[in-house]
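Read the structure below first, then the notes.
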Amino acid sequence: MPDESPTPEITVTLQVNGAQSQVTCDVRTTLLDLLRERLRLTGAKKGCNRGECGACTVHLDGRRVNACLVLAASADGREVTTVEGLATDGELHPVQRAFIEADAFQCGFCTPGQIMSAVCCIREGHTGSNEEIREWMSGNICRCSAYPQIAAAVEAAAAATASDAAPVSASDEAPAGASGRTPASTDGRPPAPTPATVTASATGKRR
Amino acid sequence: MRPFTYVRAETLPGALDSARTDNTMFLAGGTELLNWARIGIETPSRLVDIGRLPELHEITPTEDGGLRIGALARLNDVAQDARVETAYPVFSQAILKAASAQLRNLATIGGNPVQRVRCPYFRSNGPVACNKRVPGSGCAALHGANSERFAIFGWTEDCVAVQPSDPAVALACLDAEIITEHGDGGRRIPATEFHTLPDVDPAAHNVLRPGELITGIELGAPAPRSAYVKVRERQSYEYALVSAAAAVEVTDGVISRARVALGSVALRPWRLYDAEAALVGLTPGSPEVRDAVTSGFSAARPLSSNAYKIPLARNTALRALELALEA
Ligand SMILES: Cc1cc2nc3c(=O)[nH]c(=O)nc-3n(C[C@H](O)[C@H](O)[C@H](O)COP(=O)(O)OP(=O)(O)OC[C@H]3O[C@@H](n4cnc5c(N)ncnc54)[C@H](O)[C@@H]3O)c2cc1C
Ligand code: FES
Ligand code: FES
C-alpha cells in the first residue's frame, strides 16, 4: 500500500490541456473544483454538482466524464482536456465552429459541456442519425432547450469530420492510447459517415 | 463532505487488507459514493480507491462458454463489447439505457448493483423518517410524495422503495453470479439474491459484508434471444418507472425456456418465476402468452397511488418477451 496520508491534503499531478500541473489540495476536492478553483479553468461549469446535468463534462484520458463525480485524487497522473484546450493556435475546433454556425446555444451555460461531449460523441461514432445523436448527447441538459440546434451542430460537425481526411481528435489531445489505456470498444467502430442532410442554417433560427 | 483518508490500492490482497479498517469504503467509479458523501448518507473515514487494480478491468471467456466481466469494467465498455452484444443483448441494452454516455465512462459494472434506492426521503439532505438512513426511524415514503414510483412487490411498511439499477435486472434474468473476495474468503452470489428485501432487513441494501470486494460478474451460457425494455418519463437519461428483461429459447416452434425479470418494482430485480413456468410449451404470439405473463402478478400489491404500475409492468414484460422472441 502506498503512502497513507494522515493529513486531509493530497498532491495531485495532472496533464491538463497538454501542460503538466501539480496541485496540493484538500483530499475531498473534485476534479471539477480543482480545474475551476485552483487552475482557473472555468470553462467546465458546475450546474448540479451531482452528475445530473453534464455541464462539467471534460475528457479524462480522452473519454468524456462528469468532472463533478471524479475525485481529483483518483485522477492523479492522468490527462485532462477542458474546453479551453480544444482550440489549436487560436483556431477553433470544428465542433466549436459548428456550434456557432448552428446557433446551438442561448445563455451558453451548458455549451462547454455540450461541446466536450459532442467531440467524443463524434469520435465514438454515435452520430449515425439525429436520433442516435440525441440519445448519446442526452447526458447534457440544456436549460434553454437548444436541443434541435445542438443536434444539428453535432450532425454537421460529424459530417465535416467524415469528409475531412484528418480526424477531429488528431490535434486536440493525445490519443487515449498514449496513456496506456485502450480506447476500448467505444472507439472501436469507425465513425459512421453522416449525410449532411440537416444544415446548420436550416435549423439555426429559433422560434 | 466529511474529511477522509484516501488510499490507492495497488494489488487485490492490498485492497482487501486495507478494507479491514473500520468505516472504510471502496471507491470505484465514484458516481454513487461521491453523492452519498455529499448528502451525508455515508461518512467514510477511509476510501480505498480500487480504480487502478489492473486485473479487474478484463472481460474474459469462462470454461463453460460464458463470460466473466471484471468488476472495474466501465459500463460503456461492457455494453459495447462484441461478445456481450451478440451473446447477451439484454445485458448490453440494459446498460446502454442506464445513466448517460459520460456517466457510463466512469461507472463500473461492479459498483452498479451496489447503487442504492432513489427514494427522495433516502436521498434527503435534512432528517426525515427513513429506515435506510436511520434504522428504526420509519418510512416517510409509505404515505409520502412520489409514491407512484415505489414498489408493487415485496415491500413492507418499513420500506417501499425500489432498486433502480438497470444492469442488475438483466443479470437477474440471466441467472448471473456476482463473484466476491474478502479477507476471510470469497463467494459466488446469485444476482437474484444480491439485494436485500425489507422483510429481512429494511435497513440493508444488499448482502455484501464490510470489506467484501466484488471482483467480477459471471454470465452463463449465451442468451442471444433476449431483450430489455425500459419505460420512463422521458426518452433518455432517466430512471425507470418499470423495466423488463426477458430471455427465451424456442424448440420446435414452442417456448422451451423463458426467463423474465422486472426492474423498479421491488427492492431487488423481480423474477416472474410463475409466469416463466406457464410460458413453457406455448407458441410465440399465441393469446395464452399474455395469460401466462399475467399469472406472474398474483403476488403484486399496489401502494395508495401506484396501481398503474401493475398493468404497466405486465405490458412491459410482454413487450420484452416479444422482442426476445424476435431477436
Ligand atoms: C445522474 C445519474 C443517473 C443515473 N442513472 C442510472 C440509470 O438510469 N440506471 C442505472 O442502472 N444506474 C444509473 N445511475 C447509477 C450509476 O450507474 C451508478 O452510480 C454506478 O454504476 C455506480 O458505479 P461506480 O463504479 O461509480 O460506484 P461507486 O460510486 O464507486 O461505488 C458505489 C458503491 O459501491 C461500492 N463498490 C464499488 N465497486 C465495488 C466493488 N468492486 N466491490 C464492492 N463494492 C464496490 C462502493 O464502496 C460504494 O459503496 C445513475 C447515476 C447518476 C449519478
Ligand atoms: S455539474 Fe457535473 S453533472 Fe452537473
Ligand atoms: S444554452 Fe442555456 S442552458 Fe443550454
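Within every chain, numbering begins at 1; the chains are lettered A, B, ... in the order of the sequence lines, protein sequences first and strands thereafter.
Shown here for B:L103 and A:G51, the closest heavy-atom pair between the two residues is CD1-O, 3.6 Å. B:Q102 approaches A:T57 most closely through the heavy-atom pair NE2-OG1, 2.9 Å. B:R234 approaches A:I141 most closely through the heavy-atom pair NH1-CD1, 4.3 Å. Looking at every heavy atom in both residues, B:R38 comes nearest to A:N49 through NH1-O, 2.8 Å.
Atom SG of residue A:C68 and atom CG of residue B:L34 lie 8.5 Å apart, to the nearest 0.5 angstrom. Within the model, atoms CG of A:L60 and CG of B:N105 stand 9.5 Å from one another, a figure rounded to the nearest 0.5 Å. The structure places CD1 of A:I10 at 7.0 Å from CZ of B:R8, a figure rounded to the nearest 0.5 Å. Rounding to the nearest 0.5 Å gives a distance of 7.0 Å between CG of A:L71 and CG of B:L47. Considering OH of B:Y237 and CG of A:N140, their distance stands at 8.0 Å, rounded to 0.5 Å.
No more than 12 heavy atoms of other residues, nucleotides or ligands sit less than 6.0 Å from atom CZ of B:R2. Within 6.0 Å of atom CG in B:D184, more than 12 heavy atoms from other residues, nucleotides or ligands are found, so the atom counts as buried in its surroundings.
Using a 4.5 Å cut-off between heavy atoms, B:L33 makes no contact with chain A at all. Proximity to chain A (any heavy atom under 4.5 Å) is shown, for B:I39, by neither the backbone nor the side chain. The contact between A:S74 and chain B is made by backbone and side chain atoms together, counting heavy-atom distances below 4.5 Å.
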Take A:E124 and B:N76, measure what side-chain hydrogen bond (donor to acceptor under 3.5 Å, both in side chains) needs, and give me the verdict at the end. CA-CA 11 Å; A:E124 294 158 8; B:N76 269 336; 5.6 Å; no
Test log, rule side chain to side chain contact (heavy atoms under 4.5 Å, CB included), inputs A:E52 and B:N35: CA-CA 11 Å; A:E52 290 172 3; B:N35 284 336; over 6 Å; no
Verify side chain to side chain contact (heavy atoms under 4.5 Å, CB included) between A:R64 and B:R104, making sure each step is shown before the conclusion. CA-CA 9 Å; A:R64 48 177 161 161; B:R104 294 192 301 266; over 6 Å; no
Begin from the C-alpha positions of B:S100 and A:W136 and carry the test side chain to side chain contact (heavy atoms under 4.5 Å, CB included) through to its verdict. CA-CA 7 Å; B:S100 69; A:W136 284 84; over 6 Å; no
Before giving the answer on side chain to side chain contact (heavy atoms under 4.5 Å, CB included), spell out for A:V27 and B:T5 the whole-Å C-alpha distance, their side-chain angles and the decisive distance to 0.1 Å. CA-CA 7 Å; A:V27 72; B:T5 305; over 6 Å; no
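Two residues are said to be in side-chain contact when any heavy atoms from C-beta on lie closer than 4.5 Å; B:P3 and A:R28 meet this criterion.
Between B:R52 and A:D76 no salt bridge is recorded (no basic side-chain N to carboxylate O distance below 4.0 Å).
Geometric assessment of A:R50 against the ring of B:W36 yields a negative cation-pi assignment under the 6.0 Å and 45° thresholds.
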